[in-house]
Amino acid sequence: MAQSGKHLANAAPPEDADELPFDLPPAGRPQVPAESAGSPPVSNDDDPPFDLPPAHPARQSISARALQGAAPATTPTPYLDGLNPEQRAAVEALDGPVLVLAGAGTGKTRVLTTRIAHILATHRAFPGQVLSVTFTNKAAREMKERVGLLVGGAVEGMPWLGTFHSIGVKILRRHAELVGLKSGFTILDTDDQIRLLKQVIEVEGLDKDRWPARQLAGLIDGWKNRGLVPEKVPAGEAFGFAAGKGAQLYAAYQRRLKELNACDFGDLLLENIRLFADHPDVLADYQRRFRYILVDEYQDTNVAQYLWLRLLAQGSPNICCVGDDDQSIYGWRGAEVDNILRFEKDFPGARVIRLERNYRSTGHILGAAAGLISANQGRLGKTLFTDGEHGTKVTVTAVWDDEEEARSIGDDIEAMQKRSNQPLNEVAILVRASFQMRAFEDRFITLGLPYRVIGGPRFYERQEIKDAIAYLEITANPANDLKFERVVNVPKRGLGDTSVKRVHELGRARSIPMYQAAQLIVETEELPGKARKSLTDLLASFERWRGHIRHMKHTELAELILDESGYTAMWQADKSPQAQSRLENLKELVRFMHEFESLEGFLEHVSLVMDVDQAGDGQRVSLMTLHGAKGLEFEVVYLPGWEEGLFPHQRSLDESGQAGLEEERRLAYVGLTRAKRIAKVSFAQNRRNRGLYQSALPSRFVDELPEAHVEVAEAKMPFGGAYQNFGGTFGRAGYGRSRFDEAEPFEGHYDTPGWQRAQERTREQPTKWNPADQRKKRGPQTIEGELVASSSEQASYKRGERVTHQKFGTGTVTDVDGNKLTIEFDEAGRKRVVDSFVDRA
DNA sequence: AGGCGAGGACGTCTT
DNA sequence: GTCCTCGCCT
């Protein structure tokens with residue numbers, strides 16, 4: 001932040017803060033608007049002819065009276081009904097800076113949307129004068145919908161409701177020339193970025209193996225997140241990469257971007273900041289325009305976003321940031337919790353409103369979460385409460401290993417389903433790291449328990465989708481070199497590296513796009529006959545397709561392009577198992593394009609949105625990372641893997657120490673507060689990770705849960721039957737107790753001495769052993785026993801055999817691995833299944 | 001051009 | 001242990 005002092009100096013008035021005439025009214029009453037003192041007077045010239053902000057006293061008194069509930073406002077405000085007093089205060093405190101500390105499940109989105117509705121309904125601003133930013137497209141979409149419900153069509157006139165990036169693009173397109181771009185600039189995705197960085201690294205004469213482009217991309221992203229242009233990169237940091245060439249490479253990369261008329265994601269904001277800093281007139285224009293600024297998830301803003309907001313907020317003190325410092329979990333990607341902690345200093349006279357009434361979770365769940373998070377030091381402090389019932393306590397379960405964990409949770413879900421018809425859509429398993437998902441997937445497949453993985457590979461990140469989009473992009477915009485390089489030889493058409501390189505060099509030499517260079521080169525003898533021919537054909541195809549843009553429906557054109565380019569045929573000819581789903585994805589892409597007016601409209605969307613909504617069809621258990629779960633809620637939440645090293649993650653502790661630990665703790669807090677009714681924590685004593693089977697200690701977070709809200713549940717233990725001395729009730733039928741009879745009992749106690757013992761015991765024998773060896777000796781023979789028992793009845797299967805599965809139907813065995821089969825099911829697709837669950841067809 | 005072996009990563013992820 | 005990428009070999 002300090003490094004960007006230049007921007008800051010222009011941007012925000014912290015220095016003159018004291019001089020600002022923020023007359024703080026007594027607490028609990030709306031603030032007198034700050035007719036900006038230091039900043040230029042706000043001009044209303046271009047504004048519509050109704051009385052607009054800043055509010056004058058008469059208006060002020062209305063909201064003040066409304067707040068006290070004394071008298072109805074002159075404007076009918078039915079949308080305020082049903083808000084609790086704090087929410088209502090947050091909606092009505094329209095003047096001056098406001099920070100809404102909205103705890104989990106306290107109605108944050110409702111406040112934001114109602115606030116917008118209130119601004120519009122009271123005619124304080126036109127829809128076009130409200131700037132409302134979110135992080136994700138999903139959040140923006142939801143907000144737009146909900147505002148739409150409140151104010152009707154007016155939301156259509158809210159061009160400035162969107163993500164930081166989409167608003168950044170919109171502004172940048174209007175003023176591109178001022179920062180050395182042309183308005184039609186393209187936005188690079190991560191792939192393009194890496195490809196370009198590779199080139200830059202090579203051009204600088206560096207060994208691209210020693211200095212991977214990926215790492216440089218990470219560094220540059222980090223710098224951009226912090227608002228640092230190449231000249232401002234601290235020397236020490238640039239030193240780590242390529243012996244001090246980091247900043248130089250960054251600068252070279254930025255030059256290349258300009259040559260290509262392109263931006264990466266970071267630039268969308270950084271170039272905005274540069275634009276505002278270098279062109280105060282442009283900035284002033286936007287400052288005048290945005291009378292009200294609203295920011296969602298403020299705790300996730302990074303420095304660049306913060307600077308951008310600061311610049312814009314200078315024109316109007318009416319900035320409202322909503323966030324929860326306890327849910328700041330993106331520090332590793334540049335988010336600065338500090339932004340929210342410092343809000344009152346940044347925006348002097350800020351009013352802070354806490355939303356602490358939780359509408360989501362039961363008392364015990366809130367109590368457990370609150371107790372846990374209270375161990376964090378750097379907090380603004382909030383205490384969630386609910387008027388609802390206490391509900392059931394959060395359970396803590398110790399299990400033997402990750403397989404056992406998956407098994408017990410799977411069984412538990414099935415039991416719950418049987419017992420109380422628990423809808424699976426309301427059940428989620430939240431893991432710290434995605435590798436944990438595997439055990440659950442394996443288990444759920446064998447159980448036939450339907451599940452969905454959220455946050456898997458993104459639609460737009462799939463190879464076939466990127467290729468298809470590259471074709472479409474070049475058709476619309478031939479100057480996109482990176483996309484051109486991507487598909488010039490996909491499918492293979494005899495244009496090898498050498499030919500592509502020649503085109504590339506000609507383009508660079510003449511400073512023209514590769515497409516144009518290609519057009520020139522085919523007129524010469526430079527390329528071998530075959531390459532020349534196929535390049536000529538390809539260019540002709542692109543010209544032809546481009547000719548169709550105006551006359552043909554864009555979806556039909558897309559189909560035509562995929563067809564004529566041979567791209568579809570390439571996958572049809574591919575015999576790999578994924579080829580079919582790739583073709584499906586291509587169809588899905590075309591289907592999705594129907595939602596857009598034109599090819600250009602679609603492409604603009606795609607460059608900013610990295611995903612499409614997953615169709616939430618059918619009843620399924622959700623499996624996702626804790627990060628992915630933010631903002632969601634479920635009746636029942638399982639929180640497995642609470643072990644030291646995994647959660648809190650060792651790397652987080654190593655790299656960020658105390659701050660890292662606190663972020664992990666916030667992650668735990670986010671996890672717990674996703675649960676409405678039931679939360680179940682578990683930890684394994686042994687976990688397989690990277691092929692190693694390692695003993696593990698319970699996470700410190702387990703012990704930080706307040707006893708009053710926690711119950712230790714009895715778990716099925718291969719080595720001990722169950723924890724003793726605990727009357728947990730969630731044992732179930734299933735595996736015969738007898739198989740564990742001979743196993744040594746494991747004594748576990750939740751109360752401190754017992755846990756200490758348990759922990760000591762594990763500590764004494766830090767075993768690292770290979771499960772394969774283990775099976776041969778003693779140890780978890782039971783596991784082996786189970787596998788053998790269930791599979792011994794039939795001989796193992798061979799590849800190519802037809803089998804049936806009670807849930808998945810008929811399929812063909814494509815791979816055999818011990819007693820685990822990989823089966824390509826006719827209906828259900830490819831699954832891994834234990835052989836005892838199938839029969840020969 | 002395709003296939004296979006070596007080598008590296010293997011924490012969370014949005015735009 | 002397993003997945004992915006890269007480069008070299010066929």
Side-chain angles (χ1 to χ4, degrees), chain A residues 133-140 162-169 187-190 193-194 198 208-210 212-215 218 221 224-225 263-270 296-297 300-302 304-305 328-335 402 430-439 454-458 460-461 463 489-497 570 573-576 604-611 624-631 641 645-656 660 663-664 666-668 670-671 687-694 768 770-772 817:
Chain A
V133 276
T134 63
F135 276 83
T136 64
N137 287 294
K138 198 173 153 220
T163 62
F164 277 100
H165 295 269
S166 67
I167 291 168
V169 176
I187 300 161
L188 266 54
D189 62 27
T190 322
Q193 197 187 0
I194 302 243
K198 246 179 215 155
K208 66 174 166 30
D209 293 326
R210 192 147 164 237
R214 200 160 272 290
Q215 192 192 339
D221 274 349
K224 288 186 174 176
N225 282 341
C263 264
D264 64 18
F265 278 115
D267 286 334
L268 296 181
L269 276 171
L270 206 52
D296 192 14
E297 305 277 16
D300 288 339
T301 47
N302 61 36
Q305 287 155 344
S328 164
I329 55 174
Y330 285 111
W332 52 274
R333 140 185 133 182
D402 44 350
L430 310 183
V431 297
R432 174 63 182 83
S434 50
F435 77 83
Q436 292 172 262
M437 291 185 187
R438 198 206 202 105
I454 301 198
R458 267 131 228 293
Y460 287 123
E461 280 180 13
Q463 184 191 344
N489 199 30
V490 180
K492 307 277 181 215
R493 42 174 78 90
L495 289 162
D497 287 351
M570 177 183 98
D574 192 309
K575 58 212 172 303
S576 73
E604 176 75 19
H605 170 85
V606 166
S607 61
L608 283 171
V609 180
M610 296 307 290
D611 209 0
M624 68 187 92
T625 63
L626 285 159
H627 284 92
K630 187 158 150 200
L646 175 61
F647 191 35
H649 201 280
Q650 193 56 48
R651 231 167 118 169
S652 195
L653 302 182
D654 291 346
E655 282 168 20
S656 315
E663 182 155 317
E664 296 281 309
R666 290 193 291 267
L667 204 46
V670 167
R687 183 167 295 275
R688 202 193 325 251
N689 186 8
R690 303 192 199 174
L692 278 183
Y693 205 68
Q694 259 183 305
K768 290 187 186 182
N770 184 313
D817 171 20

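Remember, it's a predicted structure, so these values are computed and weren't measured experimentally. Reminder, nothing fancy here: chain letters follow the sequence lines and each chain counts from 1.
At B:dG11, none of the side-chain N or O atoms of A:Arg432 fall inside 4.0 Å of OP1 or OP2 (strictly under the cut-off). Look at A:Thr625 and you'll find a side-chain N or O under 4.0 angstrom from OP1 or OP2 of B:dC13. The phosphate of B:dG11 has neither OP1 nor OP2 within less than 4.0 Å of any side-chain N or O from A:Ser434. At C:dG1, none of the side-chain N or O atoms of A:Asn689 fall inside 4.0 Å of OP1 or OP2 (strictly under the cut-off). For A:Arg438 and C:dC3, the shortest distance from a side-chain N or O to OP1 or OP2 is below 4.0 Å.
Contacts of A:Thr163 with the nucleic acid, taken as non-hydrogen atoms under 4.0 Å apart, involve only primed sugar atoms and P, OP1 or OP2. A:Gln436 comes within 4.0 angstrom of nothing in the nucleic acid, heavy atoms only. Note on A:Glu655: a base of the nucleic acid sits closer than 4.0 angstrom, heavy atoms only.
C:dC6 and B:dG11 have their C1' atoms separated by 24 Å, with the value rounded to a whole Å. Distance check on atom P: B:dT12 versus C:dC3 gives 15 Å, rounded to whole Å.
Annotation for A:Lys224 and A:Ala304: closest pair O-CB, 3.4 Å, computed over non-hydrogen atoms. For the pair A:Asp296 and A:Ala139, the tightest heavy-atom approach, listed with the atom from each and the gap, is OD2-CB, 4.2 Å. Contact detail for A:Asn225 and A:Arg333: the closest heavy-atom pair is ND2-O, 3.1 Å. Across A:Val670 and A:Leu626, no two heavy atoms sit closer than the pair CG1-O, 4.4 Å. Across A:Ser607 and A:Ile187, no two heavy atoms sit closer than the pair OG-CD1, 3.6 Å.
Between A:Arg214 atom CZ and B:dC13 atom C1' there is a gap of 13 Å when expressed in whole angstrom units. One interatomic measurement links the two molecules: CZ of A:Phe435 to C1' of B:dG11, which rounds to 9 Å at whole-angstrom precision. Atom CE of A:Met624 is separated from atom C1' of B:dG11 by 18 Å (rounded to the nearest Å). One atom, CZ of A:Arg333, and another, C1' of B:dT15, lie 8 Å apart when rounded to the nearest Å. B:dT15 atom C1' lies 9 Å from atom CD of A:Gln305, rounded to whole Å. For A:Leu646 and B:dT12, the CG to P distance is 10 Å, given to the nearest whole Å. If you take CZ of A:Arg687 and P of B:dC10, they are 19 Å apart, rounded to a whole angstrom. To the nearest angstrom, C1' of C:dC3 lies 15 Å from CD of A:Gln463.
One N or O on the side chain of A:Ser166 and one on the backbone of A:Thr163 form a donor-acceptor pair closer than 3.5 Å. Remark: side-chain polar atoms of A:Asp264 are paired, donor with acceptor, to backbone N or O of A:Asp267 under 3.5 angstrom. No donor-acceptor pair closer than 3.5 Å links the side chain of A:Glu663 to the backbone N or O of A:Gly660.
In this structure, the ring of A:Trp332 has its center less than 6.0 angstrom from the ring center of A:His627.
To the nearest 0.5 Å, atom CD of residue A:Gln305 and atom NE2 of residue A:His165 are 5.5 Å apart.
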Short heteroatom pairs, N/O only, protein and nucleotides 5-10 of chain C, under 3.5 Å:
unit_1 : atom_1 : unit_2   : atom_2 : d
C:dC6  : OP1    : A:Lys198 : NZ     : 3.4
C:dG7  : OP1    : A:Lys208 : NZ     : 3.2

For nucleotides 1-4 of chain B, list the nitrogen or oxygen atoms of the protein found under 3.5 Å from its nitrogen or oxygen atoms, one pair per line.
none

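Of the candidates B:dG11, B:dT12, B:dT15, B:dT12 carries the atom nearest the A:His627 side chain, counting heavy atoms from C-beta on. Closest contact between the side chain of A:Thr136 and the listed nucleotides B:dG11, B:dT12, B:dT14 involves B:dT14. Looking at the side chain of A:Arg651, the nearest of the listed nucleotides B:dT14, B:dC10, B:dT15 is B:dC10.
By the 4.5 Å heavy-atom criterion applied to side chains, A:Arg438 and A:Asp402 are not counted as neighbours.
Stacking between A:Trp332 and B:dT12 is shown: the ring centroid lies under 5.5 Å from the centre of the six-membered base ring, and the planes differ by under 30°.
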